[in-house]
Amino acid sequence: MSAETINTEKVKAAIEAAVRGCRVEILPNGSPSGQHSLILDNEHAVEAALFLRDNPELRLDYCSDVAGVDWLDKEVTEKVKVWKLVDGAEKEVEETRKSVTPGYLEAVYHLFSMEKKHGPVVLRLRTQDRGEGARVPSLTPVWRSAEFQEREAFDLYGIVFEGHPDLRRILMWDELKDHPMRKDYVAPPDEDEPAGAVAQEGGR
Amino acid sequence: MEQSEKSVQELKAELSKHGVFTTTFEEIYNWGRKNSVWPLTFGLACCAIEMIATTMARYDLARFGAEVFRASPRQADLIIVSGTVTKKMAPMVVRLYNQMPEPKYVISMGACAISGGPFRDGYNVLKGIDRYIPVDVHIPGCPPRPEALLDAFMTLQKKISEQQLTGEARPRHLKEDLPSEFTVPKYGEHGLEPPVNEEVWNPLKVLQ
Amino acid sequence: MSAVEERIVELTGDVDSGQLLEVSMGPHHPSTHGVFRMNVELEGERVMKLKPVFGYLHRNHEKIAENGSYLAAMPFTDRLDYMCSMTNNWAYALSVEKLAGIAVPERAEYVRVIVAELTRLQNHVSLIGFLMQDMGASGTPLMYAFREREKILDLFEQLSGTRMMCNYMRFGGVRVDPTPEWLAEAEALVGRFPAFLDEFEQLLRENEILMSRTQGVGVLPRELAVNAGVTGPMLRASGVNYDIRKVDAYGIYDRFQFRVPLGEHGDVYDRYMIRMLEMRESVKILEQALREIPEGPAMDPKARLRGLRPKAGEAYGRIESPKGELGFFLISNGTPEPYRYRVRPPSMINLTVLEDMCLGRSVADIVVTLGSVDIILGEVDR
């Protein structure tokens, strides 16, 4: 439905050819929209973004949308068969092993070209973890339209955009300590009406 | 007592047939008040658009003497809380209310202003402005139609015209010991502090 | 570094505020179109710094939508840009249709175009009314605008049951099939609309006060507009030919003949004129759509609304809403709730350049410039 879709493979190849040492990974998208995305490594992200913006063929001069996404720690349980000593004899026993893949935060950029009228190219920047390492480079110096949206992702998800000229909370107040859009955010206990409450006579 | 009240009314009606109009101080005070309520130009969300539509030619709030929208709370009698009050906005709403001179009235317009409405589950949404300031008229709806706002307005006018200037039943602003300003909540680390103003809020309770 | 980049760094540097007067405009201010706030620093009457402050209507649309089903988010989209619920519905429906691969019957596509263009008419006409109000034309133009808006709202009410919060579109079509009577009424309204536009334009276009208050005010250069992601009439007033109805040709917009008006100067007057001209183009689209609308179902009978579980993946869908590019970014993890639900709000991103347009101008110009951006706080803060 989109005007002209861009071949993600080609964009990947172009970035890797132009930006030395840049690691680009394609994240396939299983939905019928077919918008696959490119995961950039954080060290070369700004350089790659500048290339995408200024390359005469791509000319992705318009960064439409910046979205923060929270991916929680994932617990994977798998059943493994192991040999074990049971009652003196060695037997094959099934054991469940749990492994935890650490969660991370993600900033997703949707790029279009106003000049060439094509798009979208989806960029993803990932943080190391959800705590201290929740840092990605800011693309605001490349596309000014990311200014408020990166601030929003910082406010609601706690992603620190390094190099952002004015990184402050935008929607919530400065005193707040939480990042309420995170998946594990719990709202403060509410002094709400008890279940089954009805208005008392004379009550407002 | 009731008998004498009735005969006074009959006498007044009889006199008016002869071109003699009598009134009481209370009646003329309330009559003047209810027909020149000046609302504050104060819009919060979707309901504000319906509030504007109410003042426009088709619904014409001017018929009720309330077309003089004032931008300054110092000149306004009525604050129409028209829309979702967020936790970030709540201190400002209370402050605006505090800045209004007495007598002052509050219409809580729409589901959000009453209880948070559809956005009740939001982390930044206040579950009803009546947690911080006293409300005179609530109008349900999301958003209420202009007719509903007119109805709320007429309800308020009725309330004003029934005000007694003396006695125990006199309204809040005539009782010297009751406050006319309320605590402005502060931004806290996880929400507003205090979360409700106990002096004002009358929560629902479970009846045994 | 290009000129644009240098400017960003310059803007956010600390101005020595020793000599400056700090004024907080809003969140309660009659001309901020809701609860918007700007921290302005003035030297005399001149604006030296302007920082928007958001969030006074941040009512957690995205979080609430992530906790509900796909369908449950539809009524909340009404309340984003509450002047234009129909286009919000469309943008969301389009994104879900992309995500889940749902087709839309032809009649529904026509109905969508009709209601979306009617929405554009009432949004632009009200915006112009509000803009005049901001300039001091108290009441009159706004009364004219709202008179026409009420007629369109009546049509919406007949169709969907409510005036403002229509909640009309569904994934794979529209909720109610319009009756022939409704279509005839819409046609009559569209037929009368150009006469109103003539009258409105005659009153305003060459008005001395309007021209001196708007021409050369709030100029937005083309390069900055593109870099800052400005969209909609504001972008086109700066001379960039980018209308998503043409670029993406979503729905069936490629079937209609219409032009995209472009501005030259990028000032407030151009933004006002673009909206006037766009309304005339919308009337053209409406005439064609109302003439050509085919018979058939208004809803894909196979589309699942309740318990929709798109398979894992993501989609970004966008439309040309009256304010600009309204996009929805959805990530599904195969459950009935969207894992990530993100709204790309055009009016918030259009505000990125507010400071650039106002620097060096007077306070009164801020009001006019902000009015010409066309913001709705429900969408800015969500």
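By convention in this document, chain letters (A, B, ...) are assigned in the order of the sequence lines, proteins followed by strands, and residues within each chain are numbered from 1. All figures in this text were calculated on a predicted structure; none of them were measured in a lab.
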Chain C interface, residue from [options] that has the most non-hydrogen pairs under 4.5 Å:
options	answer
B:C46, B:P143, B:G43, B:C142	B:C46
B:D121, B:L96, B:T86	B:T86
B:T84, B:T41, B:V125, B:N124	B:N124

Please look at [X] and chain B and tell me whether the side chain, the backbone, both or neither of the residue comes under 4.5 angstrom of a heavy atom of that chain.
X	value
C:M164	side chain
C:I64	side chain
C:Y56	both
C:E157	side chain
C:F36	neither
C:R147	neither

Does atom CD of B:Q9 have more than 12 heavy-atom neighbours from other groups under 6.0 Å away?
yes
With heavy-atom distances below 4.5 Å as the criterion, would you say the side chains of B:K34 and B:K159 are in contact?
no
Looking at OH of C:Y82 and CG of C:L377, how far apart are the two atoms once the value is rounded to the nearest 0.5 Å?
5.5 Å
To the nearest 0.5 Å, what is the distance between CD (B:E14) and NE2 (B:H18)?
4.5 Å
Non-hydrogen atoms of chain C under 4.5 Å away: do they reach the side chain of [X], the backbone, both or neither?
X	value
B:T55	backbone
B:L44	both
B:A71	both

Distance-only side-chain donor-acceptor flag, C:D78 / C:N89, under 3.5 Å
yes
Going by atom types alone, do C:N350 and C:D374 pair a side-chain donor with an acceptor below 3.5 Å?
no
Of all of C:R37, C:M165, C:R59, which one pairs up most often with chain B through heavy atoms under 4.5 Å apart?
C:R59
Over-ring placement of C:R275 relative to C:Y272, 6.0 Å and 45° cut-offs:
no
Could you label the plane-to-plane angle of the C:F328 and C:Y92 rings as parallel, tilted or perpendicular, counting under 30° as parallel and over 60° as perpendicular?
tilted
Any carboxylate oxygen within less than 4.0 angstrom of a Lys/Arg side-chain nitrogen, looking at C:K151 and C:E148?
yes
